[in-house]
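Every chain is numbered from 1, with letters handed out A, B, ... down the list of sequences.
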Amino acid sequence: MSFWLMKSEPEVFSIDDLSARRGMTTCWDGVRNYQARNFMRDRMRIGDRAFFYHSNCPEPAIVGIVEVVRAAYADHTAFDRRDPHYDAKSNREHPTWYMVDVKLERKLARPITLDALKTHAAGALAGFLLLRRGNRLSVIPVAAEHWKFILALE
DNA sequence: GCCAACGTTGGC
DNA sequence: GCCAACGTTGGC
């Protein structure tokens, strides 16, 4: 099993939005970055776990844990001309963009803030891509040791 | 294939 | 709202 971190802007789609979904499950659409896509398409498996991270908001933080319940399949929002994530170069025969389905496992008892994570940037969390300066990846692999360490911060 | 211009991300 | 970082685009 692999571990991940997936970013979402809470004003667009928050952990509570996920919690309110039927089956607490959603498709993770709208990823339009090749590196993030490759992680989802080539390396994510059913049963993998991911931190649900709130980005671009007053308190950036890990706020929950989700489980991958469907492996990568074509992101249909790329085919819809009226969708903000429409991309003319993707089509059903040869999709450019993919998504997975994730299900909320649980909200954290309290958010683990980016500030708290940064405290360990030079120590236990050295190498964690989220803490790399200028990081803009929306789907990030998390080393098993990092996963365990972060959860202990809860 | 280089690289300047441009758009997006995301912390602050 | 600002701006640094960085990915993408497109002219050459």
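We find that CZ of A:Arg132 is positioned 13 Å from C1' of B:dT9, with the value rounded to whole Å. Between the CG atom of A:Asn33 and the P atom of B:dG7 there is a distance of 18 Å, given to the nearest Å. Atom P of nucleotide B:dT9 and atom CG of A:Leu5 are separated by 16 Å, given to the nearest angstrom. Counting to the nearest Å, the P atom of B:dT9 and the CG atom of A:Asn135 are 13 Å from each other. Atoms CG (A:Leu130) and P (B:dG11) sit 7 Å apart, rounded to a whole Å. Taking atom CG of residue A:Leu129 and atom P of nucleotide B:dG11, one finds them 14 Å apart after rounding to whole Å. Between the P atom of B:dG10 and the CD1 atom of A:Ile140 lies a distance of 8 Å, rounded to the nearest Å. Nucleotide B:dG7 holds its P atom 18 Å from the NE2 atom of A:His85, rounded to whole Å.
Within the 4.5 Å cutoff, side-chain heavy atoms of A:Lys118 are placed close to those of A:Leu131.
The base of B:dT8 sits within donor-acceptor range of the side chain of A:Arg136, with an N or O pair under 3.5 Å.
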Does the pair A:Arg43 and A:Asp48 meet the rule for a salt bridge (charged side-chain N to carboxylate O under 4.0 Å, His left out), with working shown?
CA-CA 10 Å; A:Arg43 291 177 50 190; A:Asp48 282 2; over 6 Å; no
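Counting only N and O atoms by type, the side chains of A:Asp16 and A:Ser14 include no donor and acceptor under 3.5 Å apart.
Side-chain N/O atoms of A:Tyr34 include none lying less than 4.0 angstrom from OP1 or OP2 on C:dC6. Residue A:Lys7 places no side-chain N or O under 4.0 Å from the OP1 or OP2 atom of B:dT9.
Using a 4.0 Å heavy-atom distance criterion, A:Leu131 is classed as making no nucleic acid contact. Within the 4.0 angstrom heavy-atom criterion, no nucleotide atom of any strand lies near A:Arg32.
Ranked by how close their nearest DNA chain C nucleotide is to the 5' end, A:Asn56 and A:Lys89 are led by A:Asn56.
Of the possible polar contacts, none joining the A:Glu59 side chain to the A:Thr113 backbone as a donor-acceptor pair under 3.5 Å is found.
From A:Lys7, atom NZ reaches atom CG of A:Leu137 across 7.0 Å, with rounding to the nearest 0.5 Å.
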